[in-house]
Q: 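Starting off with a structure, shown below.
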Amino acid sequence: MNKKILRNFTLALICGALFFSCRSAPDIPAVDPLAMLSSDAAMYIYIPVKGNQDFVTQAFAKIAGTSTGDAKRISSRTETLAIATGTPNHGFEAAILGNYPIKYAASALNEKNGWKIKNDPDSQMVYYEQSASAIQMSLPSNYNVLVSYDVSPMISNYGKALDSLLAKDVGIEGQAYQNGIGDDVVKFLTSGTDYEIRMIAPDPQKFLKRFLGKSVNVKVSSLSGILTPSKKENVYAFRLDLEMTDPRTTKAACALLKIALFPIPAKIQQVSASRISITDIDLSWNELLTLIYK
């Protein structure tokens, strides 16, 4: 996700949220943000805000150029950020779970403020498009916000997931809606603590190039990362785990990664026949933002 995209996304969220009141909308249940993302992204990032609120506040303030007070106001209403980057048709998707009463959404997201009101052709759900950037935002309930350059796929996923929830509420048994993201991906992203930021890359080569700034000729079948707050100020401790396609290449891959990471101080260790762990990486808040949106 490049800087312009993420800046526009953050401005969109703040623009809507700062004008929302506390009046309740119809009692529509919250939908899991991961259920709204496309299944063909290069990388998924899952951020529980409770244990990372200072980082999220700084991110909103830095990216959108807003005051710390306004950024804290929106982050305090946010429970979870689920982000998909590298989606083929529209670049990125962000699904946000929180508490965003929508009484004043229509008055805040209007043409005077640079927004056009549109209707999704399939669901007829209202969404908003920013004239300058063409970024789109949908506010289907008090609890969910959808942001992308094309929110239609997210709206479709939201509708299917909501239908599944409502059917369950009235006692209709059926299979829970699945949007195509693998169960193993969802389990990994959501099994951390409140203080962990988790990411997983179904396209490992693309992530390695983004992280290292260069291509590395290693055959990786899966790649995941966990960030936890460091004792150092405004720093996360970053751990990467790589599963090799061919166990016979694991030892050579360790050597290549040591060269590629130099001079970054990191511990690279083969932990099984086909698995490599990279630890002892310090990632500042600014570096994490760059990793997400550069």
Q: Kindly compute the distance separating CE (Met36) from CD1 (Ile96), expressed to the nearest 0.5 Å.
A: 8.0 Å
Q: If you compare all heavy atoms of Gln124 against all heavy atoms of Pro121, which two are closest, and at what distance to 0.1 Å?
A: NE2-O, 3.1 Å
Q: Could you measure the distance from the OG atom of Ser222 to the CD1 atom of Ile200? Nearest 0.5 Å is fine.
A: 6.5 Å
Q: Check whether any side-chain heavy atom of Tyr46 lies under 4.5 Å from a side-chain heavy atom of Thr190, and answer yes or no.
A: yes
Q: Let me check something: do Ile268 and Leu256 share a hydrophobic cluster, defined by ILVMFWY side-chain heavy atoms less than 4.5 Å apart, either directly or through other members?
A: yes
Q: Give me the atom names and distance for the closest heavy-atom approach of Ala42 to Lys206.
A: CB-CD, 3.7 Å
Q: How many angstroms lie between atom CD1 of Ile45 and atom CE of Met43, to the nearest 0.5 angstrom?
A: 4.0 Å
Q: Please check: side-chain N/O of Ser148 versus main-chain N/O of Phe92, any donor-acceptor pairing under 3.5 Å?
A: yes
Q: Is the shortest side-chain N to carboxylate O distance from Glu243 to Arg275 below 4.0 Å?
A: yes
Q: With side chain to side chain donor-acceptor pair (under 3.5 Å) as the criterion, how do Asp54 and Thr57 come out once you've worked through the C-alpha distance, each side chain's angles and the decisive distance to 0.1 Å?
A: CA-CA 5 Å; Asp54 288 344; Thr57 298; 5.4 Å; no
Q: What I'd like to find out is whether the side chain of Ile47 reaches to under 4.5 Å of the side chain of Val56, using heavy atoms alone.
A: yes
Q: Should Leu208 and Leu223 be marked as a side-chain contact (heavy atoms from CB on, under 4.5 Å) after you check the CA-CA gap, both sets of side-chain angles, and the distance that decides it?
A: CA-CA 9 Å; Leu208 284 174; Leu223 182 151; 3.7 Å; yes
Q: How far apart are the closest heavy atoms of Ser274 and Thr250, and which atoms are they?
A: CA-OG1, 3.4 Å
Q: Side-chain heavy atoms under 4.5 angstrom apart, residues restricted to Ile, Leu, Val, Met, Phe, Trp, Tyr: same cluster for Val216 and Val220?
A: yes
Q: May I ask you to decide if Ser272's main-chain N or O and Gln270's side chain share a donor-acceptor pair within less than 3.5 Å?
A: yes
Q: Kindly assign one of parallel, tilted or perpendicular to the pair Trp285 and Tyr236, based on the angle between their ring planes and the thresholds 30° and 60°.
A: tilted
Q: Under 3.5 Å, is there a donor-acceptor pair between the side chain of Asn144 and the main chain of Pro140?
A: no
Q: For a 4.5 angstrom cut-off between non-hydrogen side-chain atoms, does Glu79 reach Pro48?
A: no
Q: Supply the atom-to-atom distance Leu37 CG to Tyr158 OH, rounded to the nearest 0.5 angstrom.
A: 14.5 Å
Q: Search all heavy atoms of Ser75 against all heavy atoms of Val49 and return the closest pair with its distance.
A: O-CG1, 3.6 Å
Q: Could you state the interatomic distance from OG1 (Thr85) to CE (Met199), rounded to the nearest 0.5 Å?
A: 9.0 Å
Q: Does the side chain of Leu227 reach to within under 4.5 Å of the side chain of Phe55, using non-hydrogen atoms?
A: no
Q: Can you hop from Val235 to Phe238 via hydrophobic side chains spaced under 4.5 Å?
A: no
Q: Is a donor on one side and an acceptor on the other found under 3.5 Å between the side chain of Ser156 and the backbone of Pro153?
A: no
Q: For Glu233, does the CD atom sit with more than 12 other heavy atoms under 6.0 Å from it, leaving out its own atoms?
A: no
Q: Under a 3.5 Å distance rule, please check whether Glu129 uses its side chain to pair with a backbone N or O of Gln136 as donor and acceptor.
A: no
Q: Please check if Tyr195 and Leu288 belong to a single hydrophobic cluster, counting links between Ile, Leu, Val, Met, Phe, Trp and Tyr side chain heavy atoms closer than 4.5 Å.
A: no
Q: Leu97 and Ala30: which non-hydrogen atoms are nearest, and at how many Å?
A: CD1-CB, 3.7 Å
Q: Using modelled atom types only, decide if a donor and an acceptor are shared between the side chain of Asn217 and the backbone of Ala253 within a distance under 3.5 Å.
A: no
Q: side-chain contact (heavy atoms from CB on, under 4.5 Å) for Leu162 and Lys160? Distances and angles first, verdict last.
A: CA-CA 5 Å; Leu162 180 62; Lys160 293 171 184 175; over 6 Å; no
Q: Does a side-chain heavy-atom distance below 4.5 Å link Ile135 with Val147?
A: yes
Q: Step by step, would you call Arg198 with Ser191 a side chain to side chain donor-acceptor pair (under 3.5 Å)?
A: CA-CA 9 Å; Arg198 292 196 164 210; Ser191 62; 3.2 Å; yes
Q: Determine, stepwise, if the pair Ile83 / Tyr44 fulfils side-chain contact (heavy atoms from CB on, under 4.5 Å).
A: CA-CA 6 Å; Ile83 300 170; Tyr44 296 97; over 6 Å; no
Q: Under 3.5 Å, is there a donor-acceptor pair between the side chain of Arg77 and the main chain of Asn99?
A: yes
Q: Tell me if a side-chain donor or acceptor on Asp32 pairs with a main-chain N or O of Leu34 at a distance below 3.5 Å.
A: yes
Q: Give, for atom OH of Tyr149 and atom CD of Glu93, the distance between the pair rounded to the nearest 0.5 Å.
A: 13.5 Å
Q: Is the closest side-chain heavy-atom distance between Thr279 and Gln269 below 4.5 Å?
A: no
Q: Are the charged groups of Lys219 and Asp246 less than 4.0 angstrom apart, N to O?
A: no
Q: Kindly say whether Asp40 contributes a backbone atom to a donor-acceptor pair with the side chain of Ser38 at under 3.5 angstrom?
A: no
Q: Are any non-hydrogen side-chain atoms of Ile278 and Leu257 less than 4.5 angstrom apart?
A: yes
Q: So, do Ser138 and Met154 sit near enough that their side-chain heavy atoms are less than 4.5 Å apart?
A: no
Q: Apply side-chain contact (heavy atoms from CB on, under 4.5 Å) to the pair Met137 and Val145, showing each step before the final yes or no.
A: CA-CA 7 Å; Met137 179 165 66; Val145 180; 3.8 Å; yes
Q: Side chain to side chain donor-acceptor pair (under 3.5 Å), that's the test. Do Asp241 and Ser224 meet it? Break it down for me.
A: CA-CA 5 Å; Asp241 289 297; Ser224 58; 4.6 Å; no
Q: Can a donor-acceptor pair be found, under 3.5 Å and without considering hydrogens, that links the side chain of Ser141 to the backbone of Tyr143?
A: yes
Q: Hydrophobic cluster membership, with links at side-chain heavy-atom distances under 4.5 Å among I/L/V/M/F/W/Y: are Leu166 and Ile155 in one?
A: yes
